[in-house]
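First the proteins, then the strands, lettered A, B, ... as listed; each starts at 1. Fair warning: this is a prediction, and the values are worked out from it, not measured in the lab.
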Number of protein chains: 2
Amino acid sequence: MKRKVPIDFAEERLNERLARTGLRFTAQRRHVYGVLLEKKDHPSAEEVFMRAKDDMPDISMATVYNCLDTLVKCGLVKQVNHDRGATRYCSNMREHHHFYCDECHGTFDIDYDPSAEEPEIHMPDGFHVRAYEIAFRGICPDCAARKRGK
Amino acid sequence: MKRKVPIDFAEERLNERLARTGLRFTAQRRHVYGVLLEKKDHPSAEEVFMRAKDDMPDISMATVYNCLDTLVKCGLVKQVNHDRGATRYCSNMREHHHFYCDECHGTFDIDYDPSAEEPEIHMPDGFHVRAYEIAFRGICPDCAARKRGK
DNA sequence: CTAGGTGCAAAAGGTTTGCGGTTAA
DNA sequence: TTAACCGCAAACCTTTTGCACCTAG
C-alpha cells in the first residue's frame, strides 16, 4: 500500500508522545492516526471509523472515539467544532486557524507563521470573511485559585 | 416580576429585526429572547427550555430550537460550540470573543473594542491563556464562484 | 502478570422531523 | 384568510458506558 505520508516518521512521533503521556502504543491508535494523516479533510468520528475499517475491519466505533481522545490528549490532533454538527478532527500540527464556509459548510485550514514578530494571517485568495471569533482556552480565575489553594 | 434587563427596549429591537427578516413576532420568540437576555451565562438549548418553562409552561423543546435558530438568523444571538458538548447560546451583542476553561468547562465573554485602530483584546485578570484559535466564517472560493455563475 | 485498551451492544444525550391544530399579519 | 408558527411525539444522529476479553510493557 502506497502512502502519501511518511507514516514511519509519524509512528515514531506517536510512540514518543504516548510514552511521554504514560499511554500504550497500540495498533488501533497507530491506524487511526494514519487515517487522519492520510487525508486532512477534517473528518468526523463516523468518517474516521469508516476509513479505518477498510484496513482494520474489526475496529469499533468506541475504539475510534477512544483513539481520537488519546490523540487529542497527546497533542497530535485537534478537535474542530462548528455549529451543531458532529465534532471533526484535524491532524495539521502547524499552528493554524480555520475558515468555515456558510454555504457548503466546509472547513479549511488557514495557516500563519506563529514565529513572526507580528503574526500575520494570510487569507488565501477567494475567501470572503464575513465574521471571525477567537476562542481562548486555559484556566479561569476561579479554577486557578482552587488549584493554588489545594 | 422584576427584570434586570430593559425588556421593552429589547422587544422593540426584536420586532424590528424579525420584520426586516420577514418573520413573525410571537410570544415564544419574545420569551426565549428574554430568557437569554436575563442571564447571560451561555445556556444550552435544554437550559433555555427549562428557564422558559417557568413563565410559559406549555412551550416545547422544538419551539425553543426554532426560536433559537430564528434569533441566530436575525443576528440577535450567537451560537457557541465547544468540544463535544451541546451548543450554547449567547445574547451578548457587543463584538466579543470567548474563553473556555479547561478545568470547569465554563465559557466567559472576552470583550474588545472593534472600533479601535488596532483592536486590542484586554484579557481580564486571572485568566491564563494556554492556546487560542481563530474561527473565520464566510464564503469559500468554490461557493463564491458558484454564486457568481448562477 | 496486570493495568490499560479493545469490541460489542445498549443507553444516554442532543437535535430534527412530520403532522394536526393555532395565530400573526 | 392563510402562510407561518406551535406543541407533541417519534425518529435520528452522535457520543458515552458497562462489561468480558485481550495485550503491551
Q. Taking NZ from B:K73 and P from D:dA4, how many angstroms apart are they, rounded to a whole number?
A. 12 Å

Q. Mind checking whether B:H98 and B:Y132 have ring centres under 6.0 Å apart?
A. no

Q. What is the nucleic acid contact for A:R24, judged by heavy atoms within less than 4.0 Å: base, sugar-phosphate only, or nothing?
A. base

Q. Given atom CE of A:M50 and atom P of D:dT14, what is their separation to the nearest angstrom?
A. 10 Å

Q) In terms of side-chain geometry, is the basic nitrogen of B:D41 or B:R51 positioned less than 4.0 Å from the acidic oxygen of its partner? A) yes

Q.
What is the separation between atom CG on B:N66 and atom P on D:dA3, rounded to the nearest whole Å?
A. 19 Å

(Q) What's B:A62 touching, base or sugar-phosphate or nothing? Going by heavy atoms closer than 4.0 Å. (A) base

Q) Parallel, tilted or perpendicular for A:F136 and B:H97, by the 30°/60° rule? A) perpendicular

Q: Write down the distance between NE2 (A:H31) and C1' (C:dG5), rounded to a whole number of angstrom.
A: 17 Å

Q) If each of B:L23 and A:D58 is mapped to the nucleotide of DNA chain C with the nearest heavy atom, which maps nearer the 5' terminus, i.e. the 5' end? A) A:D58

Q.
At 4.0 Å (heavy atoms only), tell me whether A:T87 reaches a base, stays on the sugar-phosphate, or touches nothing.
A. sugar-phosphate

Q) Once you round it to whole Å, what is the distance between P of D:dT15 and CZ of A:R84? A) 15 Å

(Q) How many whole angstroms separate atom CE of B:M61 from atom P of C:dT17? (A) 15 Å

